[in-house]
Amino acid sequence: MPVVWMLRRVASRLLQRPACGCQAPVLPSRFLGTSPQQIPADANFHSTSFSEADQPRVLITGGLGQLGVGLASFLRKRFGKDNVILSDIRKPPEHVFLSGPFIYSDILDYKNLREIVVNNRVTWLFHYSALLSAVGEANVSLARAVNITGLHNVLDVAEEHGLRLFVPSTIGAFGPTSPRNPTPDLCIQRPRTIYGVSKVHAELMGEYYYYRYGLDFRCLRYPGIISADSQPGGGTTDYAVQIFHDAVKHGRFECNLEPNTRLPMMYIDDCLRATLEVMEAPAESLSMRTYNVNAMSFTPAELAQEVLKHVPEFQITYNVDPVRQAIADSWPMNFDDSNARKDWGWKHDFDLPELVTTMLNFHGSESRVAQAN
Ligand SMILES: NC(=O)C1=CN([C@@H]2O[C@H](COP(=O)(O)OP(=O)(O)OC[C@H]3O[C@@H](n4cnc5c(N)ncnc54)[C@H](O)[C@@H]3O)[C@@H](O)[C@H]2O)C=CC1
Ligand SMILES: CC(=O)[C@H](N)C(=O)O
């Protein structure tokens, strides 16, 4: 067989079936000229398919925040410890470092991100790096860089290497002119925080890459997430995490939002399960690429009332932070997630009483352990 012919055959095979075995060749968007390849909206989009022996290779960016460590542990149970790489720009605590692969990754460093994806044969990316609502307002230029420039890097790397990409959005992607009770998936989105603006940008860019280049982009708008064993990173809903800690430790809590501020919330186990479920949903079941997900809505007063049932001496006082209050007053009060429930079967497990019991049990047992030591 002539060598040239053989080489041509190999080359054409490689072009038809990239190493990940998952995607029709599409010229990387970074290198597209003025008339790039158009992909019709109803095209058969590449999704990374995998068998038992061929699990997705996962990278989590910004993984040392409130949600990333829990996500890594959840995904490792499903896909195997070594198939899930946690990354961040911070140094991991020892128990996290020892629990599975960890790597330094600054999402503002495009080459570094690409190198990690290539060297580790990553196929799924969960993009968690962000500055949240309150810290974003305190440092707008950094929030703009991390939340917007960082997202551009992630989108390009994901598109170039045929990754399935999850980017979380938030109730903060809505604003004072959105319907607030309830807030549907599709409505006016004019947020007034840099966080919200960057998340609307992420939703739109992700969907644009999906329609334009076939990027398998999936996005959930999370409500405020409540976790027991990780600290929130500077958001407006943080009070709903801190209250449990303070109730158990001190029997009292000073809240930085007004007592009647109603916001959508979710326990972390539901959040992580929703994230995996939407990532595993067959592409044809997704009528949209960005979904609201919700579990419950409550005010600080209602949460305090529920805590009181377990901690009879509990007292709540209010010292309102005007920045956080203004943000909360512009966010949804109730979140309509009927499309997620209809399309891919979303169903939450934790409502308010179950959340409070779970959180207090966790902190109660933690403090008993601390006292015993
Ligand atoms: N926690 C919540 O209640 C909600 C979170 N979300 C979203 O979920 C994602 C994760 O949230 P959290 O874990 O709560 O955030 P977090 O603020 O706790 O953690 C964010 C992480 O990003 C990292 N980071 C910052 N700059 C970076 C950079 N240049 N390169 C790489 N990493 C960088 C930080 O070191 C930090 O560990 C975020 O995108 C957030 O917007 C959405 C709605 C609610
Ligand atoms: C709801 C969120 O996105 C976050 N927890 C914040 O309060 O900024």
Side-chain angles (χ1 to χ4, degrees), residues 65-68 70-71 73-75 126 128 132-133 166-174 178-185 187 199 218-233 235-245 247 257 260-281 286 288 290-307 309-310 327-328 331-363:
Q66 185 194 356
L67 306 185
L71 180 70
S73 130
F74 187 64
L75 297 180
F126 293 77
Y128 269 8
L132 302 196
S133 56
F166 179 83
V167 178
S169 186
T170 162
I171 48 172
F174 296 94
S178 308
R180 295 181 59 216
N181 193 7
T183 306
D185 279 304
C187 62
K199 289 294 186 177
R218 301 174 186 217
C219 173
L220 296 181
R221 294 192 191 102
Y222 293 159
I225 306 301
I226 298 163
S227 56
D229 58 356
S230 58
Q231 291 302 309
T236 304
T237 58
D238 293 8
Y239 90 86
V241 178
Q242 192 61 34
I243 189 172
F244 295 102
H245 188 262
L257 293 182
N260 58 353
T261 310
R262 181 173 302 282
L263 290 167
M265 301 277 183
M266 182 181 279
Y267 184 56
I268 188 164
D269 287 14
D270 275 341
C271 166
L272 302 180
R273 186 168 53 78
T275 304
L276 180 58
E277 282 178 10
V278 78
M279 281 297 267
E280 290 192 321
L286 304 176
M288 307 185 300
T290 302
Y291 287 92
N292 293 351
V293 279
N294 196 22
M296 64 193 103
S297 268
F298 55 74
T299 65
E302 288 166 355
L303 179 57
Q305 208 50 43
E306 198 64 38
V307 171
K309 291 181 187 166
H310 301 258
I327 294 174
W331 281 3
M333 298 161 80
N334 277 297
F335 222 25
D336 174 355
D337 62 356
S338 48
N339 286 314
R341 289 174 193 264
K342 179 164 55 74
D343 284 3
W344 46 275
W346 166 239
K347 196 168 175 296
H348 67 276
D349 281 339
F350 288 80
D351 54 14
L352 180 57
E354 196 134 22
L355 165 85
V356 172
T357 309
T358 307
M359 289 293 289
L360 290 175
N361 279 344
F362 179 88
H363 285 297

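Annotation: the span from I225 atom CD1 to T237 atom OG1 amounts to 7.5 Å, rounded to 0.5 Å. Taken from OG in S227 to CE in M266, the straight-line distance is 13.5 Å, to the nearest 0.5 Å. Expressed to the nearest 0.5 Å, how far OG1 of T290 lies from CG of N339 amounts to 11.5 Å. Of the inter-residue distances, the one linking C219 atom SG with N292 atom CG reads 9.5 Å to the nearest 0.5 angstrom. With values rounded to the nearest 0.5 angstrom, F126 atom CZ is found 5.5 Å from L71 atom CG. We find the CG-CG distance between D238 and L132 to be 7.0 Å, quoted to the nearest 0.5 Å.
The two residues M279 and R218 make their nearest non-hydrogen contact at O-NH1, 3.2 Å. Shown here for D336 and S338, the closest heavy-atom pair between the two residues is OD1-OG, 2.7 Å. Of all heavy-atom pairs between V293 and P223, the closest is O-CD, 3.2 Å.
Remark: D351 pairs with P353, E354 by the side-chain contact (heavy atoms from CB on, under 4.5 Å) rule, at least two apart or across chains. Partners of K309 according to the salt bridge (Lys or Arg N to Asp or Glu O under 4.0 Å) rule, which considers only residues two or more places apart in sequence or in another chain, are E306. With sequence neighbours left out, the ring-ring contact (aromatic ring centres under 6.0 Å, His included) criterion links F174 to F335. Residues passing the salt bridge (Lys or Arg N to Asp or Glu O under 4.0 Å) test with D185, sequence neighbours excluded: R221. Shown here are the side chain to side chain donor-acceptor pair (under 3.5 Å) partners of H310, two or more places apart in sequence or in another chain: there are none. Residues forming a ring-ring contact (aromatic ring centres under 6.0 Å, His included) with H245 (at least two apart in sequence, or on another chain): H363. Contacts of R262 classified as side-chain contact (heavy atoms from CB on, under 4.5 Å), with partners at least two apart in sequence or in another chain: S297, T299, E302, M333, N334. Under the ring-ring contact (aromatic ring centres under 6.0 Å, His included) criterion, F74 pairs with no residue at all, not counting sequence neighbours. Judged as a ring-ring contact (aromatic ring centres under 6.0 Å, His included), and not counting sequence neighbours, the contacts of Y267 are F350. With sequence neighbours left out, T170 forms a side chain to side chain donor-acceptor pair (under 3.5 Å) with no residue at all.
When side chains are defined from C-beta on, L263 does not count as touching F298, because their heavy atoms never get closer than 4.5 Å. Residues I268 and I226 have side chains not in contact (no heavy-atom distance under 4.5 Å, counting atoms from C-beta outward). Looking at H348 and N294, their side chains never come closer than 4.5 Å, going by heavy atoms from C-beta outward. Contact check for L67 versus Y128: side-chain heavy atoms found under the 4.5 Å cut-off. Using a 4.5 Å heavy-atom cutoff, the side chains of P179 and P184 are in contact. The shortest side-chain heavy-atom distance between L220 and P168 does not fall under the 4.5 Å cut-off.
Within 6.0 Å of NZ on K342 lie more than 12 heavy atoms contributed by other residues, nucleotides or ligands. A 6.0 Å sphere centred on CD of Q242 holds more than 12 heavy atoms belonging to other residues, nucleotides or ligands.
Judged by distance alone, the side chains of S230 and Q66 never bring a donor and an acceptor atom under 3.5 Å apart. Counting only N and O atoms by type, the side chains of D343 and Y291 include a donor and acceptor under 3.5 Å apart. Side-chain atoms of S133 and T236 form a donor-acceptor pair, as typed in the model, at a separation below 3.5 Å.
The salt bridge (Lys or Arg N to Asp or Glu O under 4.0 Å) contacts involving residues 264-278 comprise D270-R273, R273-E277, R273-D349, where partners must be two or more places apart or lie in separate chains. Sequence neighbours left out, not one pair with a member in residues 290-301 passes salt bridge (Lys or Arg N to Asp or Glu O under 4.0 Å).
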Mind running side-chain contact (heavy atoms from CB on, under 4.5 Å) on L303 and I243 for me, showing each step along the way?
CA-CA 9 Å; L303 179 57; I243 189 172; 3.7 Å; yes
Quick one: do W331 and T183 satisfy side-chain contact (heavy atoms from CB on, under 4.5 Å)? Show the steps, please.
CA-CA 9 Å; W331 281 3; T183 306; over 6 Å; no
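Exactly one residue among N361, V356, L355 makes a side-chain contact (heavy atoms from CB on, under 4.5 Å) with M359. That residue is L355.
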